Each structure stands twice: as structure tokens, then as C-alpha cells.
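Order of the sequence lines sets the chain letters (A, B, ...), proteins ahead of strands, with each chain counted from 1. Computed over heavy atoms, backbone and side chain alike; hydrogens, waters and symmetry mates excluded. Only a predicted model underlies this, so the values are computations on that prediction, with no experimental measurement involved.
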Number of protein chains: 2
Amino acid sequence: MAGSQGDKYYDVFLRYRLWLSTKDGVGILGEGRLALLKEIDKTGSLKAAADNLNVSYRKAWGNIKHAEELLGFILVEKHRGGKLGGKSQLTEEGKNLLSAYDELKDDFEASIKDITRKFFKKINKKSE
Amino acid sequence: MAGSQGDKYYDVFLRYRLWLSTKDGVGILGEGRLALLKEIDKTGSLKAAADNLNVSYRKAWGNIKHAEELLGFILVEKHRGGKLGGKSQLTEEGKNLLSAYDELKDDFEASIKDITRKFFKKINKKSE
DNA sequence: TTGCAATATGTTTAAATAAACATATCCGAT
DNA sequence: ATCGGATATGTTTATTTAAACATATTGCAA
């Protein structure tokens with residue numbers, strides 16, 4: 001009785017977000033933009049990346065630009081014109097940032113597992 | 001030269017947020033609302049808590065209510081009327097949730113330190 | 001029995017974000 | 001030359017979210 005109620009009561013989930021920001025809290029790069037970078041790396045095209053991730057080209061482009069302005073260096077080398085219209089690829093710095101972030105996320109994820117387990121163990125215990 | 005540039009390039013900070021949500025991603029309780037609970041616990045008043053945290057009473061009240069609806073149980077016992085107008089105090093469940101969250105945050109904070117250190121070490125290294 | 005201060009809640013405005021729309025530019029291939 | 005497809009960017013329209021405004025309810029103490 002108390003147990004089954006307890007289970008229902010705490011049918012909640014723990015979520016988190018991780019992002020890079022400036023000193024004064026302005027967001028630079030988060031999950032979404034990193035995914036975009038990754039997709040650009042994969043496809044060689046900002047448009048293709050935006051399409052694949054189902055965001056408008058306009059927004060994707062603006063996001064990259066915004067991030068670059070805040071970071072102070074270029075993440076994506078863009079070329080336009082030509083038969084194919086143009087193409088984009090990550091700069092070295094872009095690639096490095098991307099891989100560092102990926103690793104970070106993995107580490108994060110791993111270390112979070114036990115913590116959340118502990119949390120739920122605790123909040124579920126007192127309902128009985 | 002490369003070093004000093006590198007330092008400027010990566011003058012960024014890592015931020016995170018942690019919150020409870022429903023299965024389908026609706027936010028229930030985050031940093032702000034937990035702070036509110038803590039302040040209610042301290043002051044015995046929703047209004048005082050809202051004032052102290054510089055949020056409108058309307059918003060504070062709505063937030064608590066929203067969280068309670070999503071959780072399916074009451075976090076705050078509210079009383080109105082009387083010479084003092086009314087008062088509020090955390091329920092047992094509210095207190096438990098609060099303390100569990102605090103502990104969670106501490107654990108989180110601690111485990112994050114090395115991870116972020118590693119991250120910054122990595123992204124700063126390749127600029128030289 | 002009335003006044004007061006906090007709880008309780010509907011409604012409206014504003015501010016912040018995202019989506020949508022429109023257009024210009026570039027350049028390799030035809 | 002010119003066409004096409006992607007990059008580049010200004011402008012406008014929605015959507016979401018938070019703040020502000022307004023007002024009712026409650027119950028002890030004077």
C-alpha cells in the first residue's frame with residue numbers, strides 16, 4: 001500500500017543539461033549546437049546538417065555564427081558557390097572542441113549513474 | 001603567443017542544470033523551486049520566501065502548485081487567515097525531497113570537478 | 001464584526017525565443 | 001553567360017515563458 005503509492009509518487013526522472021557559457025552566463029554551445037557540429041562534420045554541409053536535425057537552415061547558421069562570435073574563433077570553414085552550391089567543414093579547433101565535449105559527456109553520464117541511483121533510493125525509501 | 005591566444009580562446013565556462021521531470025520531459029522541480037522550498041522551510045511563509053528570493057508571490061505560488069500537481073503529492077502545507085494572515089510549512093515529503101536533492105547536488109558537484117578539469121585541460125592543450 | 005496580512009487564483013502585458021518568410025551572394029559546371 | 005544549390009543575412013510572425021496587475025478568501029485578535 002505505502003509501497004505502491006510510493007512508487008507512483010516518485011515516478012519522476014532526473015534530467016540535466018551541460019553547456020559552455022561565457023563568464024557572465026551567456027550560452028555558447030549546448031547539446032543542440034554540438035549535435036549540429038557533429039552533423040556538419042559528417043555531411044560536409046550546413047544545410048544537410050540542418051535538414052537532418054530538423055532545424056531551419058537559418059537557425060542553424062545563426063547558432064554557429066553566434067557561437068563563433070562568443071568563442072572568438074571559427075568552428076566551421078564555409079565555402080560557397082560551385083556546382084554543389086557550397087560546403088562546410090569543421091576547423092581543427094571545431095573538431096577538438098567537439099571531441100572534448102563528447103568525452104566530457106561520456107564521463108558525465110557515467111559518473112551520474114550512481115548518483116541518481118542513490119537519489120532515487122533515498123526519496124523512495126521514506127514512503128514506507 | 002600561441003599560448004596566450006589559447007588562453008583567450010577558451011575563456012569559457014562549463015555550466016549545468018539538474019532537475020526533476022516527468023517521464024515525458026515536463027519539468028517539475030529545478031534549482032529555483034528547490035530554493036523556494038528551502039526558503040519556505042526557513043521562514044514558514046510562502047510570501048516571505050518569495051520576497052527573499054525576489055520572485056513574485058504569484059509566480060512562487062504557481063510554481064509550487066504546478067510541482068505538486070505533477071508529483072501527485074503535497075510539498076507545502078498552507079494555512080490562511082488569522083492575525084498573521086497565514087503560514088506555510090513543508091510536509092514530510094517536501095522535506096525529504098529537499099534534503100535528497102541537496103545531497104544529490106553535493107554529490108554531483110563533487111564528481112563534476114575532475115571531469116571539467118579534464119575537459120579544460122584537453123581543449124586548452126591543442127592551441128600550442 | 002471588522003481589519004489585516006498571507007494564501008489563492010484569474011487575467012493581461014511584456015519579454016525572450018524560435019519559426020517562418022524573403023532575398024542576396026557566390027562559383028563550378030554546362 | 002547562366003543555372004543551381006548552398007552559404008549568408010535582414011525582416012517579420014508565432015510561440016513560449018515570465019512578469020505584472022487585479023481581486024477574492026480566510027480566520028484570529030482587537
Any base atoms under 4.0 Å from A:Ser45, or only sugar-phosphate, or nothing? Heavy atoms, all strands.
sugar-phosphate

Using a heavy-atom cut-off of 4.0 Å across all strands, would you classify A:Gly86 as base, sugar-phosphate, or nothing?
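Answer is sugar-phosphate: A:Gly86 comes under 4.0 Å of backbone atoms only.
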
Residue met sooner reading DNA chain D from 5', once A:Lys87 and B:Val55 are mapped to nucleotides:
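Result: A:Lys87.
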
First encountered from the 5' end of DNA chain D, between B:Gly82 and A:Lys78
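On the 5' side of the pair lies A:Lys78.
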
Rounded to the nearest Å, what distance is computed from the [atom1] atom of residue [X] to the [atom2] atom of nucleotide [N]?
X       : N      : atom1 : atom2 : answer
B:Leu84 : C:dT7  : CG    : P     : 11 Å
B:His66 : C:dT9  : NE2   : C1'   : 15 Å
B:Ile64 : C:dA8  : CD1   : P     : 11 Å
B:Trp61 : D:dC21 : CH2   : P     : 19 Å
B:Lys83 : C:dC4  : NZ    : C1'   : 6 Å
A:Arg33 : C:dT17 : CZ    : C1'   : 11 Å
B:Arg58 : D:dA24 : CZ    : P     : 15 Å
A:His79 : C:dA29 : NE2   : C1'   : 19 Å

Counting just side-chain N and O atoms, does [X] come under 4.0 Å of either OP1 or OP2 of [N]?
X       : N      : value
A:Lys59 : C:dA18 : yes
B:Ser88 : C:dT7  : yes
B:Lys65 : C:dT9  : yes

Do A:Phe108 and B:Phe108 have their ring centres less than 6.0 Å from each other?
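Yes.
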
Where is the tightest heavy-atom contact between [X] and [Y], given as atom of each residue plus distance?
X       : Y       : value
A:Ser88 : A:Lys78 : OG-CG, 3.7 Å
B:Leu75 : B:Glu68 : N-OE2, 2.9 Å
B:Thr43 : B:Ala49 : OG1-N, 3.9 Å

Does any part of the side chain of A:Asp102, heavy atoms only, come nearer than 4.5 Å to the side chain of A:Lys38, both counted from C-beta?
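Counting from C-beta outward, A:Lys38 and A:Asp102 do come under 4.5 Å.
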
Name the residue closer to the 5' end of DNA chain C, choosing between B:Arg80 and A:Asn63 according to the nucleotide with the nearest heavy atom.
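With B:Arg80 and A:Asn63 compared, the 5'-side residue is B:Arg80.
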
